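Given the structure is predicted, the values throughout are model-derived calculations rather than measurements. In the text below, chain A, chain B and the rest are named by the order of the sequence lines, each starting its count at 1.
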Amino acid sequence: MTGARLLRGAAGAAGFLVVGELVIRFGISDGLVFPAPSTILYEAVRLPADPQFLAGVATTMANWALGLLIAIVVAVPLGVLLGAVPSLERTVRPILEFMRPIPSVAIIPLAILLISMEQMMKVSVIVYASLWPILLNTLYGMHDVDPVAKESLRSFGFGKLSVLIRVSLPSAAPFVMTGVRIAAGIALVLAVSAELLAGGVSGIGVFVGTAGSGNRVDLVMAATVWAGLLGVLANMLLLAGERRLFHWHKVRTGAPS
Amino acid sequence: MTRKLRCHALALGVTVALALSGCGGSDNTATTAGNGSGLEKTTIKVGALPVPDPVSLYIANEKGFFKEEGLTVEPVTITGGAAAVPMIEGGQLDISMTNYVSTFVAASQGKKVKLVADMYQAAPNTFNIMVPKDSPIQTVADLKGKTVLVNNLKNIATLAVTTQLKVAGLTDKDVKFVEKPFPDMGNAIMSGQADAGWLTEPFITATQSQHGFRKLVDTMSGQTADLPIAGWMATEEWASKYPKTLAAFNRAISKAQQLASSDRKEIEAMLPKYTKIDAQTASVITLGTYPSELNANRLQKVADLMQEYGYLTSPLDVKSLIVTPASNG
């Protein structure tokens, strides 16, 4: 089953690359210059030998992980608190609904002005962008708790805190995890965007900017391929963790595995 | 504005997250020290674009010219001179590369920026308007009604093009300027999005070899011959707070500029190390010149041109922007 799915996915990707290769080599007019997928892939394979690129990946991933971690530490308790105290949620909700749709990339110029330390500026925008999906998913998770289970525990004499710990938190946990997974993707986008806009000592975005200034579009694309791969890899890891930790959730809700 | 004030603004700021990641960051502790060299600050962050202009920064670093002065310099890649102004104001950078047009505009808007060292000056064929081989545009006058790509609007690009339009009896109203990053200009012109592009190296060479472009005009000729292009800037506050550090930076950079001017091989060897311009390209591209000291008379020409073409509304005395380094540093 999984093997067949993998095969189909690989066939799709290969087909896409072949079409791209043919279009670029024969389809577009002679005057246009764009590296073909084979050139990009060749450079992408060679990139790990470039110390500048490796340092960039390390910097970007460190900012990404730190930002995501801070976002989790802030957003999960906040989400649980808001979910547990409905009156508080009603007070804060309008602010949340206003802040959430602001494109996170748009706050980068503001962050450059306000925060004088390079890494802190980048981590801050990552935190800001990752906060919303985690917070909102935690909130949804808290709303989704089975009222019968809560009532049952209450009728057995359990206190509010006990109900929260024994029913609400485990029930909301899979939602939190989904929020973290969504946030991880957004965090990577912000990590690279901040580097593209603000520059820096190193980073995938800094590398892309440098390659562009040197007229190396092939390297720009190769680094972009790596950014995409890292995003896929992070998503796969988190998804696997989610399946492992919360397999019971899928069983309970009857979602296909 | 002081750092403390900034921190308050930050703490009051939009999100819990920003405040949590904190004002008490640990990055700015290792820089002030009263060591043997007597410098107020021994480690500085210097912003530069990954282009040939700031090559002396990397030469001075590799040859140990900064070390000889007791200075540790960390190069930081920036995305543009205008974008670097908030970074030197906020203390993310101590010194940054800038182009003179950006600096003079910033100064005329009341920004407290100072020029601390010279970097790059135009030479023939370093900034050209390029057109496709079979373009009907044969002279600058043919640009009337056409679309010209520039890397930035209202900056050195449009200023340089406008001086050439004037020679041909046109003004900047006669062409349409469109902003486009240098790497994208070749394809944009080939696909008909524009008729001509203002390019610098390595893109002049690249569009010639990849797209078969030809030069329409050298925009660094006539009024703009030998035009100063880029220099190093710091805030007024920084320059007065760290005079000895600045003097040390200046001496090292000046030494590297002399080396770069006297031996092109030094530049060619350095370019592949901090840019993605390979050795082969580095050996064929046209380079400007690398003056070893700031000269108010030469720079005044830039400000005067800017005023003539409406980039500055009032005269700007360039001398007031130049910091003369402490001689006994």
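Taking a 6.0 Å sphere around CD of A:Q52, one finds it holds more than 12 heavy atoms contributed by other residues, nucleotides or ligands. For B:K154, the NZ atom counts as densely surrounded, since its 6.0 Å shell holds more than 12 non-hydrogen atoms of other residues, nucleotides or ligands. Taking a 6.0 Å sphere around NZ of B:K215, one finds it holds more than 12 heavy atoms contributed by other residues, nucleotides or ligands.
With a 4.5 Å cut-off on side-chain heavy atoms, A:T210 and B:T77 count as touching.
The distance from atom CD of B:Q92 to atom CE of A:M117, rounded to the nearest 0.5 Å, is 9.0 Å. Atom-to-atom distance recorded for B:I285:CD1 and A:N215:CG is 11.0 Å, nearest 0.5 angstrom. Distance check, rounded to the nearest 0.5 Å: OG1 of B:T79 to CG of A:L196 gives 9.5 Å.
Here B:P50 is the residue among B:P202, B:A84, B:P50 with the most heavy-atom pairs under 4.5 Å with chain A. When each of A:G203, A:A198, A:S130 is scored by its heavy-atom pairs under 4.5 Å with chain B, the top score falls to A:A198. Most heavy-atom pairs under 4.5 Å with chain B: of the set A:I95, A:I112, A:L66, A:V220, this distinction falls to A:I112. Of the listed residues (A:P109, A:G200, A:A75), the one with the most heavy-atom contacts under 4.5 Å to chain B is A:G200.
In terms of modelled atom types and a separation under 3.5 Å, the side chain of A:E118 and the main chain of B:V76 share no donor-acceptor contact.
Of all heavy-atom pairs between A:S213 and B:V51, the closest is CB-CG1, 4.3 Å. Taking every heavy atom of both residues into account, B:I277 and A:G214 meet most closely at CG1-CA, 4.0 Å.
Using a 4.0 Å cut-off between charged side-chain N and carboxylate O, B:K276 and A:D50 make a salt bridge.
For B:F182, no part sits under 4.5 Å from any heavy atom of chain A, backbone or side chain. In this structure, chain A has heavy atoms under 4.5 Å from both the backbone and the side chain of B:S191.
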